[in-house]
Amino acid sequence: MNIYRYDAVIVGAGLAGLSAAIEIKKAGLKTCVISKLHPLRSHSGAAQGGINAALNEADASLHEFDTIKGGDYLGDQDAIKTLCQKAPETIRRLEKMGAVFSRAKNGSIAQRAFGGQSKPRACYAKDRTGLTCLQTIYEQADRLGVEFVNEWFVGDLLYDSFDRSAYGVAAMKLRTGEIAAFNAKATLFATGGYARCYAVNSNARANTGDGLSLFLRKGLPLEDMEFVQFHPTGLAGSGILISEAARGEGGRLYNALDERFMERYAPQKLELAPRDVVSRAIEREIIEGRGVGEHKDAIWLDLTHIGREMIASKLPELSDLAKTFLGLDMACDRIPIRATAHYSMGGVPTDNDCRVKASPTLTTSGLYAAGECACVSVHGANRLGANSLLEAAVFGKIAGETIVADMPDLSPIGAGDHDANIFFEETRRLLRSSGAENAANLLATLQNSMTQNAGVFRNRGSLEKQVEIIGDLRDRFSRIRLSDKSSVFNVELQEALELGHMLDYSALIVSGALAREESRGAHYREDFAIRDDEKFLRHAFGYLDGGKTRLEYAPVAIGDYKPEPRRY
């Protein structure tokens with residue numbers, strides 16, 4: 001077995017991982033970025049609408065308040081302050097690197113309105129903001145000489161639970177099937193979110209949340225996993241994202257009665273209420289029989305009134321998506337949409353410097369996380385649109401700076417041949433299994449049942465049913481059989497490994513949702529429809545012990561803004 005040695009190993013090549021890599025490489029440290037695919041195919045490139053910053057405001061206080069309120073007061077206010085105060089300098093840094101943002105008539109960076117915000121503050125590059133940022137920061141990382149290890153699948157975290165110290169990862173080269181250890185003093189996970197455990201989702205196929213499961217398997221917790229954001233506007237049928245930019249530029253929502261129904265749910269903000277509010281409104285209209293389309297399972301998104309010229313100049317990618325996947329012209333046709341699983345507020349718990357927590361009170365050594373896979377808790381129970389790219393850029397950079405500062409104090413642990421054994425045995429077991437179960441069938445069952453039982457609306461009965469389904473799927477997963485036994489680009493093996501990870505963290509989503517007997521942000525319990533600050537103004541830390549879930553809780557960091565009813 002080959003052992004590759006670095007000062008820092010970064011798993012994930014999106015905006016967070018690359019932002020960290022730049023800071024670490026600038027310090028002269030030997031750095032590599034491991035990714036399942038080429039960095040420019042990372043899911044950060046799918047972010048369309050914008051990246052928030054209070055550029056034209058006296059200070060960031062309104063941005064902070066909007067973020068805290070939007071997250072239904074579950075966000076840690078000290079971390080949110082860092083996010084919002086660093087936003088303007090982050091935009092200037094990206095622009096200086098070469099990111100070309102759209103401009104206002106006076107030449108300044110253009111900003112559009114997004115849901116739940118008191119002022120337009122989403123800086124954008126037409127409707128390709130994520131791709132613009134990703135391309136820019138990848139170019140800078142490549143120019144600095146960051147080493148990219150593409151098309152490797154990370155299957156294990158090298159971690160000493162006694163000392164709470166990480167020393168790298170074990171990974172498989174997809175091209176050949178080779179398994180190797182990547183030994184490092186510092187290991188950063190930036191592996192994205194976990195919405196692909198739902199049937200209708202906006203996530204890339206590679207965005208399967210593998211990193212989260214690897215932490216669980218080492219006895220480490222995940223935080224607030226029950227909070228999964230459903231974006232209001234996914235294309236009906238596929239869930240492909242139609243950015244909030246469409247509503248920011250004036251898009252309206254109509255039901256089968258031609259009612260602009262958001263007047264009932266958010267009379268002040270209408271379509272620009274926070275995503276959880278709009279998603280529930282859309283699903284409620286469908287459930288109550290006012291859906292549109294052949295199966296009455298969608299709602300109309302109408303942009304016909306804003307004109308072809310504005311669509312072409314500000315929403316060209318969205319227009320192309322509507323034509324490609326539905327054969328519709330956004331300038332003269334209404335577009336059928338419905339809520340799609342989109343973003344993960346929960347994830348790997350970290351402190352404000354991106355060090356991973358081993359419990360609510362203990363941190364690890366040499367182990368870090370940033371971006372959507374992490375939960376520093378700047379989004380609380382519901383993320384505001386255009387805060388995701390911001391979090392990745394801000395906390396990715398902070399993670400890199402923290403690693404550089406920590407490096408002199410990190411004790412190197414040398415990896416040995418045995419360190420890849422766990423991952424090696426997992427792949428061999430799957431390849432040799434002679435069971436009768438098919439991984440694709442199990443995945444479809446997981447995704448459909450998660451959508452049905454732990455989706456936009458939840459209740460005790462549906463969640464208890466999902467606990468049983470996941471238990472049954474775990475049992476069936478032990479008996480799967482792969483038809484492809486080869487070692488070269490074995491996609492079937494990769495998808496089976498990903499399914500195992502998805503089963504792990506799906507159990508935490510459901511157990512957290514079952515225990516949280518309230519409705520807060522994206523977590524909506526039909527049987528407990530009221531937010532309960534007395535019992536549940538707290539973070540849930542979930543563990544997986546022998547296939548069983550265990551929860552403990554930690555307080556929310558409250559600052560200047562005290563919890564109050566959320567009205568839009």
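Quick note: residue numbers are just sequence positions, from 1. Because the structure is predicted, anything quoted here is derived from the model rather than measured.
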Heavy-atom count check: over 12 atoms from other residues, nucleotides or ligands less than 6.0 Å from [X] [atom1]?
X	atom1	value
R334	CZ	yes
R41	CZ	no
I287	CD1	yes
Q452	CD	no
E294	CD	no
K218	NZ	yes
R264	CZ	yes
K562	NZ	yes

Has the side chain of [X] got a donor or acceptor atom that lies under 3.5 Å from a matching backbone atom of [Y]?
X	Y	result
T364	V356	yes
D353	R355	no
S42	A13	yes
S359	T361	yes
S462	N453	yes
T233	I242	yes
Y73	Y561	no
D127	G49	no

What are the two closest heavy atoms between [X] and [Y], and how far apart are they?
X	Y	result
A339	V456	CB-CG2, 4.4 Å
M502	S506	O-OG, 2.7 Å
P360	Y553	CG-O, 4.3 Å
S519	F528	OG-O, 2.9 Å
F215	L367	CE2-CD2, 3.5 Å
P349	P221	CD-O, 3.1 Å

>> Run the side chain to side chain contact (heavy atoms under 4.5 Å, CB included) test on L188 and V11 for me, step by step, so that the C-alpha distance in whole Å, both residues' side-chain angles and the decisive distance to 0.1 Å come before the verdict.
In response: CA-CA 6 Å; L188 168 67; V11 185; over 6 Å; no
Any side-chain heavy atom of [X] sitting closer than 4.5 Å to one from [Y]?
X	Y	result
L328	P336	yes
M450	V510	yes
D72	N382	no
P232	R275	yes
L446	L442	no
M225	L212	yes
L220	K357	no
F477	S433	no

>> Tell me which one of H501, E495, K36 satisfies side-chain hydrogen bond (donor to acceptor under 3.5 Å, both in side chains) with T208.
In response: K36
> N459 pairs by side-chain hydrogen bond (donor to acceptor under 3.5 Å, both in side chains) with which of E464, K465, E526?
Replying inline: E526
>> Go through it in stages, so that I can follow the logic: the residues are R205 and E498, the test is salt bridge (charged side-chain N to carboxylate O under 4.0 Å, His left out), and I'd like the CA-CA distance, side-chain angles, deciding distance and then a yes or no.
In response: CA-CA 10 Å; R205 286 189 65 87; E498 291 169 341; over 6 Å; no
Using a strict 4.0 Å threshold on nitrogen-to-oxygen distance, state whether [X] and [Y] make a salt bridge.
X	Y	result
E372	R383	no
D527	R460	no
R247	E244	yes

Nearest 0.5 Å please: distance from the [atom1] atom of [X] over to the [atom2] atom of [Y].
X	Y	atom1	atom2	value
R164	L362	CZ	CG	4.5 Å
S449	L473	OG	CG	6.0 Å
D302	D333	CG	CG	10.0 Å
I299	R338	CD1	CZ	9.0 Å
H231	N201	NE2	CG	13.0 Å
D156	I422	CG	CD1	5.0 Å

>> Could you go through E518 and R525, starting from their C-alpha distance and side-chain angles, then the distance that decides it, and tell me whether this counts as salt bridge (charged side-chain N to carboxylate O under 4.0 Å, His left out)?
In response: CA-CA 6 Å; E518 67 159 356; R525 286 283 298 265; over 6 Å; no
>> With side-chain hydrogen bond (donor to acceptor under 3.5 Å, both in side chains) as the criterion, how do T67 and N387 come out once you've worked through the C-alpha distance, each side chain's angles and the decisive distance to 0.1 Å?
In response: CA-CA 8 Å; T67 300; N387 268 355; 3.1 Å; yes
>> Show, in sequence, the C-alpha distance, side-chain angles and deciding distance for H342 and S202, and conclude whether the side-chain hydrogen bond (donor to acceptor under 3.5 Å, both in side chains) test is met.
In response: CA-CA 5 Å; H342 176 62; S202 66; 2.7 Å; yes
> Side-chain donor-acceptor pair under 3.5 Å between Y543 and E552, yes or no?
Replying inline: yes
>> Under a 3.5 Å cutoff, is there a donor and acceptor pairing between the side chains of N52 and Q117?
In response: yes
> So D276 and R566, salt bridge (charged side-chain N to carboxylate O under 4.0 Å, His left out) or not? Walk me through it.
Replying inline: CA-CA 12 Å; D276 63 315; R566 209 171 50 133; 2.5 Å; yes
> What residue among S377, C375, P555 forms side chain to side chain contact (heavy atoms under 4.5 Å, CB included) with D76?
Replying inline: S377
> Is the gap between the ring centers of H379 and F227 under 6.0 Å?
Replying inline: no
>> Exactly one of R520, R458, R516 should register a salt bridge (Lys or Arg N to Asp or Glu O under 4.0 Å) with E226. Which one does?
In response: R516
> Using the ring of each side chain (for Trp, its six-membered ring), is F423 parallel, tilted or perpendicular to F153, with breaks at 30° and 60°?
Replying inline: parallel
> Stepwise, does the salt bridge (charged side-chain N to carboxylate O under 4.0 Å, His left out) test hold for E271 with R260?
Replying inline: CA-CA 9 Å; E271 288 84 3; R260 194 176 176 187; 2.8 Å; yes
